[in-house]
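Report on the structure given below.
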Amino acid sequence: MKTQLKKIAILFISLLAISCSKDDDNLTPNPTPVVYQEENFLNTFLSTSGLDQVVQTISDENYSLIEYLEFSATQKGKITSLSFKVPATTTLNSVILRIVDAETGSLVKEISTSSSDYTAGTIKTVTVSPAIELTKDKKYRIGMVSKSTYERKRSNSADVAYPIQVGNIKLWGFSETDINTSVNTNNPGYYYGDFSFTFLRTE
């Protein structure tokens, strides 16, 4: 009798151990959350395109063009800040940065910075709150209105071959819109700036 009880006890313990082992195998460890880094495309874009080869400055109080870069995000994410750098401060107008829906032309965001709030030749970064959510692969345009800009082109004056991808941002081309006539003209051989944004992938 004792022998049978001992065998039953051993069998029960063995079955319990097997059951616990299977339960442990089914447990899924908590995955390590992915932490994405903020990214700004400008420096890599300028070097890749060759638009850092010849740089001149323009300061004209009668300048009436909106400079635009068309872009899309290859992953879902958000714009957390807008940045610009211009060679001189202007007294008549503030520097205006805007994000526009490239398909509809509707304004997504606009930020104006007065001449007293930035320094010529120094990058000015403005936090966007709330951040601008970007739809994956949807085209937008970032634009700048300023009476003072850097004129950039390649040393051979050749057009830039778009698109250019930098990290999770794909750049589709540069254009200018006349404020007075609203006529938009593609200008693939130049970039007038500097303006950019910081992008943070979210998934």
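In what follows, every heavy atom counts, from backbone to side chain, and hydrogens, waters and symmetry copies are set aside.
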Over all heavy atoms of both residues, which pair between Lys147 and Asn62 is shortest? Give the atoms and the distance, please. NZ-C, 4.1 Å
Should Ile179 and Val145 be marked as a side-chain contact (heavy atoms from CB on, under 4.5 Å) after you check the CA-CA gap, both sets of side-chain angles, and the distance that decides it? CA-CA 9 Å; Ile179 294 175; Val145 181; 4.1 Å; yes
Compute whether any side-chain donor of one residue and acceptor of the other, for Ser196 and Asn40, lie under 3.5 angstrom apart. yes
d(Leu97 CG, Leu82 CG) to nearest 0.5 Å is 5.5 Å
Just so I know, are the side chains of Thr149 and Met144 near enough to count as touching, which here means a heavy-atom distance under 4.5 Å? yes
Minimum-distance pair of heavy atoms, taken over all atoms of Gly189 and Leu51: O-CD2, 3.9 Å
Gln165 (side chain) donor-acceptor with Gly167 (main chain) under 3.5 angstrom: yes
Is it the case that the side chains of Glu176 and Asn187 hold a donor-acceptor pair, with the cut-off being a distance below 3.5 Å and no angle test? yes
Is there a continuous path of hydrophobic side-chain contacts, each under 4.5 Å between heavy atoms, that joins Leu134 to Val166? yes
What do the steps show when you test Val126 against Thr113 for side-chain contact (heavy atoms from CB on, under 4.5 Å), and what is the final call? CA-CA 9 Å; Val126 182; Thr113 305; 4.0 Å; yes
Ignoring hydrogens, what is the shortest heavy-atom contact between Ile169 and Glu39? Give both atom names and the distance. N-OE1, 4.4 Å
Side chain to side chain donor-acceptor pair (under 3.5 Å) assessment of Thr104 paired with Ser106: CA-CA 5 Å; Thr104 65; Ser106 60; 2.8 Å; yes
Enter the distance from Lys153:NZ to Glu151:CD here, rounded to the nearest 0.5 Å. 6.0 Å
With the side chain counted from C-beta on, respond yes when Ser148 and Ile58 share a heavy-atom pair under 4.5 Å apart, and no when they do not. no
So do the side chains of Leu65 and Asp178 get within less than 4.5 Å of each other, counting heavy atoms only? yes
Please say yes or no: joined through hydrophobic side-chain contacts below 4.5 Å, possibly via intermediate residues, are Leu107 and Ile66 part of one cluster? yes
Considering all heavy atoms, the nearest Gly77-Thr202 contact: CA-OG1, 3.5 Å
Can you give me the closest heavy-atom contact between Ser155 and Val54, atom names plus distance? CA-CG2, 3.7 Å
Could you tell me the separation between the NZ atom of Lys76 and the OG1 atom of Thr135, rounded to the nearest 0.5 Å? 7.5 Å
Going through the distances and angles, do Val128 and Ile111 end up as a side-chain contact (heavy atoms from CB on, under 4.5 Å)? CA-CA 9 Å; Val128 178; Ile111 293 177; 4.0 Å; yes
Only residue of Glu67, Lys124, Lys85 satisfying side-chain contact (heavy atoms from CB on, under 4.5 Å) with Phe195 is Glu67
Verdict with supporting geometry, Phe174 and Asn186, side-chain contact (heavy atoms from CB on, under 4.5 Å): CA-CA 6 Å; Phe174 175 78; Asn186 291 325; over 6 Å; no
Any chance you could measure Glu133, atom CD, to Lys138, atom NZ, to the nearest 0.5 Å? 14.0 Å
4.5 Å side-chain heavy-atom contact, Thr198 and Glu38: yes
Looking only at atom types and distance, does a side-chain atom of Glu110 sit under 3.5 Å from a main-chain N or O of Ile99, one as donor and one as acceptor? no
Is the gap between the ring centers of Phe199 and Phe41 under 6.0 Å? no
Does the side chain to side chain donor-acceptor pair (under 3.5 Å) test come out yes or no for Thr125 and Ser83, once each step is laid out? CA-CA 4 Å; Thr125 298; Ser83 300; 2.9 Å; yes
So how far is it from Asn184 CG to Ser175 OG, rounded to the nearest 0.5 Å? 4.0 Å
For Phe197, the option from Phe45, Phe71, Tyr140 that meets ring-ring contact (aromatic ring centres under 6.0 Å, His included): Phe71
Tell me whether Trp172 shares a hydrophobic cluster with Val160, the cluster being built from Ile, Leu, Val, Met, Phe, Trp, Tyr side chains joined at under 4.5 Å. no
Non-hydrogen atoms of Thr89 and Ser115 that approach each other most closely: CG2-O, 4.2 Å
Relative to the ring of Tyr118, is the ring of Phe84 parallel (under 30°), tilted (30 to 60°) or perpendicular (over 60°)? perpendicular
Steps toward salt bridge (Lys or Arg N to Asp or Glu O under 4.0 Å) verdict (Asp101, Arg141): CA-CA 6 Å; Asp101 185 312; Arg141 292 192 294 168; over 6 Å; no
Starting at CG of Leu171, measure out to CG of Leu42 and round the result to the nearest 0.5 Å. 9.0 Å
Would a 4.5 Å heavy-atom cut-off, applied to side chains only, mark Ile142 and Tyr68 as touching? no
Taken in chain and number order and not counting sequence neighbours, the residues that satisfy side chain to side chain donor-acceptor pair (under 3.5 Å) with Arg154 are none
Establish, yes or no, whether a centroid distance under 6.0 Å links the rings of Tyr191 and Tyr150. no
Should Asp194 and Arg152 count as an ion pair when the cut-off is N to O under 4.0 Å? yes
List the steps, then state whether side chain to side chain donor-acceptor pair (under 3.5 Å) holds for Ser116 with Ser114. CA-CA 5 Å; Ser116 61; Ser114 66; 3.1 Å; yes
Expected output: side-chain Ser94 to main-chain Ile96 donor-acceptor under 3.5 Å: no
